[in-house]
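To start, the structure itself, in structure tokens.
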There are 2 protein chains.
Amino acid sequence: MASKAAVPLSQNESPLKQSLLNAKQSHLLDQLQAAGHELSGQDLHARLRGTPHGMGLATVYRHLRQLQQRGLVRCRHLPSGEALYAPTERDEHHLTCVDCGRTLPLRVCPMHDVQLQPQQLDGFQLLFHTLEFFGICPSCQDRQDAP
Amino acid sequence: MASKAAVPLSQNESPLKQSLLNAKQSHLLDQLQAAGHELSGQDLHARLRGTPHGMGLATVYRHLRQLQQRGLVRCRHLPSGEALYAPTERDEHHLTCVDCGRTLPLRVCPMHDVQLQPQQLDGFQLLFHTLEFFGICPSCQDRQDAP
DNA sequence: TGTCCAAATGAGTATCATTCTCAATTCGAC
DNA sequence: GTCGAATTGAGAATGATACTCATTTGGACA
Ligand SMILES: [Zn+2]
Ligand SMILES: [Zn+2]
Ligand SMILES: [Zn+2]
Ligand SMILES: [Zn+2]
């Protein structure tokens, strides 16, 4: 993640992002995009500490909420209750073991081309979705069969 | 606890349910099915208090976890962090406003007939899924347009 | 450049759902 | 009835997130 040539805000920066985000929000989004995987609020706070873009924990959570409200970031909750954040542009979901908690990323989003009926939307402007699968992983299946 | 001859457990009781659940777990599941909508752990504890099926909060959460591990119950987390539980047999999902939090139940599950590729499952035994949509409700759209 | 106000910030504190601890109780087998 | 194992629940601990409020920042304006 180190760096992309000093260009703080990436090239794929959208007009939306430019017009609506302040510097700290952009840094959070950059961090999430660069990480390549989900991060918790605490993770983000820890990663930015010491860098020129460090910010307080309260600010991290405040901006994560706003990024969600703009549809740029989505979060899911682990069974532990911890919330993990990811950019919505990365349309990834997971398969999680209800027993040991092991998590497996899915390569494609099964909702990719499924459309919600406009009548179901009831006027809502759709921003993003969360989709998670739960099951029992192979090793937990074995443990259950022969304990 | 009181009696079981009296058939407190409903007629739709499946073999799975009979063989794997104890009395308290069945009462929790019955309560969730009877409610017709999602309930939090606190809700369940409050509803059962005073009835012959009352149980401690710790027990409620313990059994909710086990019901999830058996694939009989699923939960989703509100932005507030509160977890809401529902029976997996009720395949319902929601559309939630990221601004005011208003929630709209969807009538049908868009994943209903979408199948996950076996190769994606990597040996997992699939139990259930969670799917939630997020957007901006009509009244919050208005407020944003003309503040 | 100096003054002003509104918005943004963050250290510390509060909240609150969930989990943990462990002594007491219940269950089941003999 | 007795004994060990499993279940239970009251209360305390945990931990992520939200809140408070005094301070800082930033830009408009003179
Ligand atoms: Zn597992
Ligand atoms: Zn998706
Ligand atoms: Zn709204
Ligand atoms: Zn569904």
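As the structure is a computational prediction, the values presented were derived from the model and not from experiment. Side chains are part of it too, since the values below use all heavy atoms of this structure and drop only hydrogens, waters and symmetry mates. A, B, ... follow the sequence lines: proteins, then strands. Residue 1 opens every chain.
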For atom [atom1] of [X] and atom [atom2] of [N], their distance in whole Å:
{"X": "B:L21", "N": "D:dT7", "atom1": "CG", "atom2": "P", "value": "13 Å"}
{"X": "B:L57", "N": "C:dA17", "atom1": "CG", "atom2": "P", "value": "9 Å"}
{"X": "B:L44", "N": "C:dA17", "atom1": "CG", "atom2": "C1'", "value": "14 Å"}
{"X": "A:L48", "N": "C:dG10", "atom1": "CG", "atom2": "C1'", "value": "14 Å"}
{"X": "B:K24", "N": "C:dC27", "atom1": "NZ", "atom2": "C1'", "value": "12 Å"}
{"X": "A:H27", "N": "C:dT9", "atom1": "NE2", "atom2": "C1'", "value": "15 Å"}
{"X": "B:L28", "N": "D:dG9", "atom1": "CG", "atom2": "P", "value": "11 Å"}
{"X": "A:E82", "N": "D:dT14", "atom1": "CD", "atom2": "C1'", "value": "13 Å"}

Exercise. What's the spacing between B:F134 CZ and A:Q68 CD if we round to 0.5 Å?
Worked result: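 So the gap between those two atoms works out to 7.5 Å.
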For this session: Walk me through it: do B:Q141 and A:Q125 pass the test side chain to side chain contact (heavy atoms under 4.5 Å, CB included)?
Result: CA-CA 8 Å; B:Q141 287 174 45; A:Q125 174 194 346; 3.5 Å; yes
For this session: Apply side chain to side chain donor-acceptor pair (under 3.5 Å) to B:Q66 and B:Q25, showing your working.
Result: CA-CA 8 Å; B:Q66 293 188 359; B:Q25 291 169 349; 2.5 Å; yes
Exercise. Is the closest side-chain heavy-atom distance between A:L21 and A:R70 below 4.5 Å?
Worked result: yes
Problem set entry | Non-hydrogen side-chain atoms of B:E92 and B:C109 separated by less than 4.5 Å |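 The answer is no; the side chains never approach within 4.5 Å.
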Nearest-neighbour nucleotide for the [X] side chain, [options] considered:
{"X": "A:Q42", "options": "C:dT19, D:dG9, D:dA16", "answer": "D:dA16"}
{"X": "B:H63", "options": "D:dA18, D:dT8, D:dG9", "answer": "D:dT8"}
{"X": "A:N22", "options": "C:dA17, C:dT9, C:dA11", "answer": "C:dT9"}

For this session: Determine: side-chain N/O of A:T59 to OP1/OP2 of C:dG10, distance under 4.0 Å, yes or no.
Result: yes
For this session: Please determine, by modelled atom types, if B:E82 and B:Q42 share a side-chain donor-acceptor pair under 3.5 angstrom.
Result: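 No, no side-chain donor-acceptor pair sits under 3.5 Å.
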For this session: Would you tell me whether A:H129 and A:H93 have side-chain atoms, one donor and one acceptor, within less than 3.5 Å of each other?
Result: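 A:H129 vs A:H93: donor-acceptor pair found between side chains.
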For this session: Report the residue (B:A83 or B:R62) whose heavy-atom-nearest nucleotide on DNA chain C is the more 5′ of the two.
Result: B:A83
Problem set entry | Between the first and last five pairs of the helix from C:dT1-D:dA30 to C:dC30-D:dG1, the angle of the axes, rounded to 10 degrees | 30°
